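Okay, so here's the structure we're looking at.
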Amino acid sequence: MKFLVPGWSAKAALLAGSALAFSTPAFAQNAGNLEGDQVNDAASSASDEISQDDDVIVVSGFRQSLKAAITAKREAAGQVDVIVAEDIAKFPDTNLAESLQRIPGVAIERDAGEGRQITVRGLGAQFTRVRVNGMETIATSVDGASFNRDRAFDFNVFASELFNSIVVNKTASAALDEGSLGAVIDLSTGDPLSYGAGVKLVGSAQARYNDLSEQVAPRLAGLFAWNNADETFGVSASVAWTKYDTPEFGNNSVRWANNATFRSVDGVNCAANPSDSGCSEVRDAFHPRIPRYGLVNHERERLGATAAIQFRPSDRTDIQINALYSNFKENRDEYWGEVLLRSNESKIDLSNYVIDDNNNVVSADLENAWIRNERYRRESETDFYQISGKIKQSFGDNFTASLLGGFSKSDATIPVETTIVFDDRDGVFSYDYSDMKSPLLVYGTDVTDPSNFQLAEFRDRPSSVENKFKTVALDLEWKPVDGLTLSAGPFYRQFDYFTTSARRDSQYCSAFTCAPGTYGAPVTGDLAELFQLGKAGQPAGNTNSWVVPDLDATVAFLDLYNIPAITREGDVRSVQEKVTGGYFQTGFEIDSGVRLTGNFGVRYARTEQSSQGFNNGQYVMVERTYDDFLPAVNLNVFPVDNFVLRGAIAQVITRPSLGSLTPGGSVDEFNFRITTGNPFINPYRAWNYDLSAEWYFAPGAILSLAGFIKEIESFPVSNSLQITYAQSGLPLSLLTSGTPAYDAVVNGTNPNREFEFRTTTNGEGATIKGVELGLHLPFSVFSSGFLSSVGVLGNVTYVDSNRDVEFGGQVYETAFPGVSKYSANGTLYYDNGRLSVRVSGAYRSDYNTGDSGNGNFLEGFDSSFNLDAAVRYKVNDFLELTLDGNNLTDAYRYRWADDVARRNYENNHFGRTIMAGVRIEY
């Protein structure tokens, strides 16, 4: 019997918006290792609205897709959550991360207004493993500061149209890949034989409008599938493409700092009078390092494609080859008007200041201020490739062998990362941060006149990151008697990581000849353009226009890209991991009055690790090996048919972050910080304990409560000490002209300048615990009229996490990075089969992102709330009209420095996005 959930075809549903298909083997593999018979039984009971036609079960409509996902959850061996294509296609989600936030315990981190990475049950993306068509992989993109140079998976690389199911495995089993303390997420592109005999063609087109950019952009997708008449051979291919701009308007302080002496305070020379009350209290208080307003424009283009071939000559043999390609490009353009207090305080005169209760100089007037107008452009591109094959062969009725093999590669490059700087180093400026989120920044110097500036500095920093995976796994399954399944198999994975970067940075006068008394080239009108600040949340009286470098003109003037780029030794590093092992698992189902299901087993993994990097000018390699035996138990008790109690215990690991493993070091020349890795740090190891209760009180309805405890035995922590640069042993060639570190060491103004030396060591353990409450309530439970087409679904998660952080000589207890104490989302929907309307909101409370600098204790983000909506109208069986709205409240994102004072780091917004379109199926 073929199981279609929901509708006529998997990709047709995804693109046309009202149906999805899963073949039994693929869905069984993804949905918590469900057996094929269990999946069919689950489908049969999913809803009394499911129509049956011979051997095909058809589920159509959004409500029915939810019912099918709930039924799959019910029959899973462990704690899982399932999203089928109806959910992805009909939420206004630009990528899979935004779909995942609908699941209990999942929160997302956004970049340029889009979901990028996820947090599951209090553990960030570093602790989550992602498999695409059964293969673990890593996809890398660029965030606001740099590449993701870690194990985290960037979901914004992929268009959601390429996938037809997401399964989040929250509990471990011996048969499930190791490497996650949080969750293993399975993404599936579907099976060609799910589409039925003949040809399927599906197309969709949307127009995307952002109310800040006021531009309309395209979003297109298409599917082709063909099966022979016997449905033993099938091929499918799909493609999705979009190109659009997302503006980001707001302000930024680039953190706050103290312990800096200004040249004068209220007219008193502070160098000559260090004990003056004004000089000392301003020195000890915090001031913004680089107060500024500006625009960051994100121009993105995403192209994705899938192709698959499936051959099933008999019920015993299934052969499938899948290929996936994604290309993600982003041009990031920044336009800033700013004042560079950082490292220039000794040259600035400060007056008329106010210090608030959090010891912040929240307002002041500045003279001889270092005004800097900055233009930045970064061109980045990620190419992701994956090809995998699977052969499944049954030998008799009780024994099955499955062989999986494949290769994936994520190649991310930044060929251009250019900054051009105009300076006016004796300007007049006032700031007022009484309202931390919307400061008042006023220039007393005419910042619209190019002749007041000099072209003082330029930078270009090309870089790249490459991740590669090779996987081979054999799964053997034997059912000696009904209700008992024995499974085992060996596996091999090889992961290769390499990153490098180079620089062509300089002050203008270090690279070219300058006139006496100048610090750069004169700025003419040909080298500048006038920037007008848009809706950045700025108060009345703010300076809203200034000149910035014309990027093309200044690059040509400098002949920048013909200047040799110098490789940064500290940024050249690589890691290779080879993991070999195997597992044994026993699955069982017992029904002797009370139904019991579950599995127990053990997984063995041997990790061979080789780390390379530069240390003291030498490229060194460090090798190590470690072994892990990982037991896991899942037990499900059905005291009655519609109620499930689940329990799980497992030992789990996450291997150390890639940046921490390098034996080399890198220098932060602006914060006087040296960071080096430690190739001998241990993996994160933990015991996970899970308990849940699920009540399926009506068809398609569920009320669930889950509790979890993660006892982390040890985890790497950052340790730091103060040393001089000379004591680090790093060569002076790592320092770049024009940076504070270069000036302090090379020019001899402070040859013993201290640096913070950071490395990673094995730390003590910690505990994460939490509770998830979930509900799906279709109003058809108590109504047969209009309300029978209405329903609500939502969830709330509470997470209590702690870790010890040393700061200022004391140890503080704080939450894990990326962990929100509360997260919630909810959806109210109406779906009568022709018209579908949904409104969905997602909330997460504030969270820290880790250590900060410049005397600030941690940094992080305020709470956030996103409101989305979707409308679908099915004109007929072939045509559907769509309307989606994303971020309808145009919520601002506030980032803070210091967990106590919550000083402004940045505050920005990305606008509302409306998408209108049409979907056609043939």
Side-chain angles (χ1 to χ4, degrees), residues 140-143 145-150 332 376-383 409-421 457-468 496-508 510-512 555 558-576 610-622 657-679 725-726 728-743 745-746 755 757-759:
T140 297
S141 69
V142 182
D143 67 3
S146 63
F147 275 126
N148 161 23
R149 290 184 169 91
D150 217 328
R332 179 185 176 105
Y376 171 92
R377 181 175 177 83
R378 181 179 66 205
E379 299 175 6
S380 63
E381 182 173 5
T382 298
D383 281 304
K409 180 180 179 182
S410 176
D411 208 354
T413 58
I414 298 179
V416 172
E417 187 176 3
T418 300
T419 303
I420 307 294
V421 168
E457 189 176 330
F458 57 87
R459 309 180 202 122
D460 187 54
R461 300 177 175 182
S463 59
S464 65
V465 175
E466 182 181 85
N467 296 298
K468 294 189 292 186
D496 293 275
Y497 161 85
F498 176 78
T499 182
T500 185
S501 72
R503 295 191 179 185
R504 44 172 69 94
D505 299 3
S506 181
Q507 292 177 311
Y508 182 87
S510 296
F512 303 97
V555 165
L558 296 166
D559 195 19
L560 178 60
Y561 300 137
N562 286 321
I563 297 175
I566 307 301
T567 299
R568 298 278 295 176
E569 286 185 351
D571 292 339
V572 179
R573 55 184 186 267
S574 63
V575 176
Q576 183 180 86
S610 174
S611 306
Q612 297 89 35
F614 278 95
N615 193 307
N616 293 339
Q618 300 294 319
Y619 196 70
V620 297
M621 179 174 66
V622 177
S657 65
L658 299 170
S660 299
L661 287 172
T662 174
S666 60
V667 181
D668 182 341
E669 301 165 86
F670 295 96
N671 295 305
F672 300 100
R673 181 184 300 150
I674 299 169
T675 303
T676 184
N678 179 0
Y725 186 84
S728 73
L730 296 173
L732 294 177
S733 60
L734 296 181
L735 303 178
T736 305
S737 173
T739 65
Y742 180 92
D743 294 340
V745 176
V746 179
F755 281 67
F757 182 79
R758 284 187 175 183
T759 190

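This is a predicted model, so every value here is computed, not measured.
The OH atom of Y376 sits 10.0 Å away from the CZ atom of R459 when rounded to the nearest 0.5 Å. Here the straight-line distance linking atom CD of E417 with atom CD of E379 works out to 11.0 Å at 0.5 Å rounding. To the nearest 0.5 Å, atoms CG (L661) and CZ (R573) are separated by 10.0 Å. For the atom pair OH of Y619 and CD of Q612, the computed distance is 5.0 Å after rounding to the nearest 0.5 Å. Between atom OG of residue S506 and atom CD of residue E457 there is a gap of 8.0 Å, rounded to the nearest 0.5 Å. We find the OG-CE distance between S574 and M621 to be 9.0 Å, quoted to the nearest 0.5 Å.
Looking at heavy atoms from C-beta onward, Y497 lies out of side-chain contact with K468 at the 4.5 angstrom threshold. Using a 4.5 Å heavy-atom cutoff, the side chains of V572 and T567 are in contact. Proximity of E466 to K409: side-chain heavy atoms (C-beta onward) are separated by under 4.5 Å at one or more points. Between Y561 and V416, some side-chain heavy-atom pair lies under the 4.5 Å cut-off. Looking at E381 and T413, their side chains come closer than 4.5 Å, going by heavy atoms from C-beta outward. For the pair R378 and I414, the minimum side-chain heavy-atom distance is below 4.5 Å. T382 places none of its side-chain heavy atoms less than 4.5 Å from the side chain of V465. Using a 4.5 Å cut-off on side-chain heavy atoms (C-beta onward), T419 and F458 make no contact.
Applying the salt bridge (charged side-chain N to carboxylate O under 4.0 Å, His left out) rule to D496 yields no partners; only residues at least two apart in sequence or on another chain are considered.
Contact detail for R504 and L560: the closest heavy-atom pair is CD-O, 3.4 Å. When all heavy atoms are compared, the tightest approach of P415 to P462 is O-CB, 3.7 Å.
A donor-acceptor contact closer than 3.5 angstrom is absent between the side chains of Q576 and S610. Checked by atom type, the side-chain pair S501/D571 shows a donor-acceptor distance below 3.5 Å.
Using a 4.0 Å cut-off between charged nitrogen and carboxylate oxygen, D505 and R461 count as a salt-bridge pair.
Proximity of a side-chain donor or acceptor of T499 to a complementary backbone N or O of S464 within less than 3.5 Å is detected.
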